[in-house]
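A quick note: this is a predicted structure, and the numbers were derived from the prediction, not measured.
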Amino acid sequence: MRKSYFTLFFIILTIFSFPISFILSLIYGQIYIPFSEIISPHGFYYTILFRIRLPTVIASALIGASLSIAGAIMQLLLRNPLMDPYVSGTASGGAFGAVLAYFLLAFNLPFGWLIYISPLIAFFFSLLATVITLAIGKKTGVYGIIIGGVVVSYLFSSMLTMLLEAIEYKYPQVPPPLFWLLGEIQIVGYEFDEALGILVFLLIIFSIIESRKLDLVHISDELSFAKKVNPNRYRMLWIIFLSIIVGLIVSQVGIIGFIGIIVPHIVRRTIGGNSSTLIPFSAILGSSIMMLSNIIASGALGFVIPVTAITSVLASPIIIYVLVKGRVSEGY
């Protein structure tokens with residue numbers, strides 16, 4: 001009985017956390033905007049609200065939702081509670097591809113083209129990094145996926161560091177894209193919000209429609225084959241789709257890690273692990289946590305902090321808890 005009350009309380013808290021986080025994100029940042037100016041903005045506050053703050057808040061909400069859902073789906077399909085786009089190497093591969101796109105400037109391509117080309121190259125390397133991690137895990141098991149993901153992530157992060165140094169030397173007139181290492185949701189526009197919004201909408205719809213198959217593949221490969229679902233092909237289709245989303249996010253705001261671990265685990269422990277509830281509540285809670293994290297990251301404390309520095313602090317106790325409790329080895 002006590003657990004049912006706690007679950008109900010968590011559901012209510014999660015639902016109301018979104019509008020509260022959204023309003024707080026509009027108010028707080030490098031520049032404080034009074035609530036009265038949120039309701040009826042004028043002059044200077046109008047410009048900040050609609051040209052800077054609002055597109056950033058929307059982007060934070062969409063990024064939080066998409067990374068949380070991506071983490072939940074990867075954990076279900078790979079039966080590993082520590083998987084997310086950061087741990088699997090997907091984000092690091094995408095960041096490498098996004099920065100690699102800068103070298104197209106050597107072919108005298110217009111700088112503005114990078115906005116369109118960078119996500120494509122980021123998608124390719126996101127997919128490549130994930131496939132390499134899965135190939136390692138296929139040979140070594142559940143723990144192998146984690147270790148392989150960490151190795152792949154460090155590999156692409158190291159190559160990314162070398163690329164950044166090369167770009168700074170070869171193109172000193174180009175602002176150094178160091179934020180790709182730890183993420184920064186500040187320089188975004190409504191165009192990015194529209195593109196990501198469409199992908200997040202499709203992600204939520206498809207994941208809800210496919211919830212039974214996701215649960216089926218999560219239970220066992222044998223049962224999936226019995227129900228005429230090829231689990232390996234099904235995983236690859238989802239990985240391709242998730243790589244597209246992660247590639248777009250990384251190409252615009254950099255690597256934002258661990259949100260895909262934090263949120264699904266909290267939802268799973270309080271509401272349940274069924275995908276039909278895990279995915280929508282992960283989307284809502286992920287949006288709220290990302291918006292609140294970005295309040296701190298964007299200068300509410302008087303200085304700017306990379307977003308991943310905040311999410312990694314939140315994720316650390318959860319990762320330790322999962323490892324100590326042995327959830328990984330148990331297939332959770």
Side-chain angles (χ1 to χ4, degrees), residues 4-42 45-72 183-186 188-190 192-205 207-208 245 249 253 256 258-260 262-272 276-301 305 307 310-311 314-315:
S4 62
Y5 281 123
F6 178 77
T7 301
L8 179 61
F9 171 76
F10 178 81
I11 291 173
I12 296 173
L13 181 64
T14 300
I15 294 173
F16 279 97
S17 68
F18 182 85
I20 294 173
S21 301
F22 187 83
I23 294 172
L24 291 176
S25 297
L26 293 178
I27 295 174
Y28 294 101
Q30 285 184 310
I31 297 176
Y32 172 79
I33 301 178
F35 184 74
S36 59
E37 293 292 339
I38 299 293
I39 301 299
S40 180
H42 299 86
Y45 287 121
Y46 181 92
T47 301
I48 294 176
L49 180 62
F50 287 102
R51 293 191 179 182
I52 300 175
R53 190 68 57 81
L54 184 59
T56 301
V57 173
I58 294 174
S60 300
L62 292 172
I63 290 169
S66 56
L67 293 181
S68 298
I69 296 173
E184 185 179 54
I185 313 175
Q186 290 192 37
V188 294
Y190 289 110
F192 171 71
D193 292 343
E194 291 172 359
L196 184 57
I198 293 172
L199 289 176
V200 172
F201 175 77
L202 294 175
L203 176 61
I204 294 174
I205 295 299
S207 57
I208 292 176
I245 297 175
I249 292 173
V253 301
I256 299 178
F258 300 116
I259 195 73
I262 302 170
V263 177
H265 186 78
I266 294 174
V267 175
R268 188 181 298 112
R269 294 290 295 175
T270 52
I271 299 179
S276 60
T277 56
L278 177 64
I279 290 170
F281 279 100
S282 292
I284 298 172
L285 185 60
S287 296
S288 302
I289 292 178
M290 183 56 68
M291 285 188 287
L292 293 175
S293 298
N294 198 53
I295 291 176
I296 302 173
S298 61
L301 300 179
I305 307 173
V307 178
I310 299 171
T311 56
L314 296 175

#### Entry: Residues that Glu194 engages under side chain to side chain contact (heavy atoms under 4.5 Å, CB included), provided they are two or more places apart
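Testing Glu194 for side chain to side chain contact (heavy atoms under 4.5 Å, CB included), a comparison that skips the adjacent residues, returns none.
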### Task
Under the side chain to side chain contact (heavy atoms under 4.5 Å, CB included) rule, collect the residues that match up with Ile205, sequence neighbours excluded.
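Phe201, Ile209.
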Calculate, to the nearest 0.5 Å, the distance between atoms [atom1] and [atom2] belonging to [X] and [Y] respectively.
| X | Y | atom1 | atom2 | answer |
| --- | --- | --- | --- | --- |
| Leu196 | Leu62 | CG | CG | 5.0 Å |
| Leu67 | Ser287 | CG | OG | 10.0 Å |
| Ser207 | Ile279 | OG | CD1 | 4.0 Å |
| Ser298 | Glu184 | OG | CD | 9.5 Å |
| Leu199 | Ile249 | CG | CD1 | 8.5 Å |
| Ser68 | His265 | OG | NE2 | 14.0 Å |

Can you name the nearest heavy-atom pair linking [X] to [Y], along with the distance?
| X | Y | result |
| --- | --- | --- |
| Pro264 | Ala72 | CG-N, 3.6 Å |
| Thr311 | Ser293 | CG2-OG, 4.3 Å |
| Ser60 | Asn294 | OG-ND2, 3.3 Å |
| Asp193 | Pro55 | OD2-O, 3.0 Å |
| Ile69 | Ala283 | CD1-CB, 3.7 Å |
| Phe281 | Ile15 | CE2-CG1, 4.5 Å |

Does any part of the side chain of [Y], heavy atoms only, come nearer than 4.5 Å to the side chain of [X], both counted from C-beta?
| X | Y | answer |
| --- | --- | --- |
| Phe10 | Ile266 | yes |
| Val267 | Thr277 | no |
| Phe258 | Val307 | no |
| Ser288 | Thr14 | no |
| Met290 | Ile256 | yes |

### Message
Could you check whether any side-chain N or O of Thr7 sits under 3.5 Å from a backbone N or O of Thr270, counting only pairs where one atom can act as donor and the other as acceptor?
### Response
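Yes; judged by distance alone, with no hydrogens or angles, the pair exists.
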### Query
Between the side chain of Ser40 and the main-chain N/O of Glu37, is any donor-acceptor distance below 3.5 Å?
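No, because the side chain of Ser40 does not come within donor-acceptor range (under 3.5 Å) of the backbone of Glu37.
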### Query
For atom OH of Tyr46, is the number of surrounding heavy atoms from other residues, nucleotides or ligands below 6.0 Å larger than 12?
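Result for OH/Tyr46: open.
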### Message
Applying side-chain contact (heavy atoms from CB on, under 4.5 Å) to Ile208 and Ser276, what does each step give before you reach the verdict?
### Response
CA-CA 6 Å; Ile208 292 176; Ser276 60; over 6 Å; no
### Option among Ile310, Ile259, Ile284 that satisfies the side-chain contact (heavy atoms from CB on, under 4.5 Å) test with Ile289
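Testing Ile289 for a side-chain contact (heavy atoms from CB on, under 4.5 Å) against Ile310, Ile259, Ile284 leaves exactly one candidate, Ile259.
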### Message
Determine whether the aromatic ring centres of residues Phe9 and Tyr5 are separated by less than 6.0 angstrom.
### Response
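Between Tyr5 and Phe9, the centre distance exceeds or equals 6.0 Å.
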Can you give the donor-acceptor pairs under 3.5 Å from side chains of residues 21-34 to other protein atoms, not counting sequence neighbours?
residue: Ser21; atom: OG; partner: Ser17; partner atom: O; Å: 2.6
residue: Ser25; atom: OG; partner: Ser21; partner atom: O; Å: 2.8
residue: Ser25; atom: OG; partner: Met291; partner atom: O; Å: 3.4

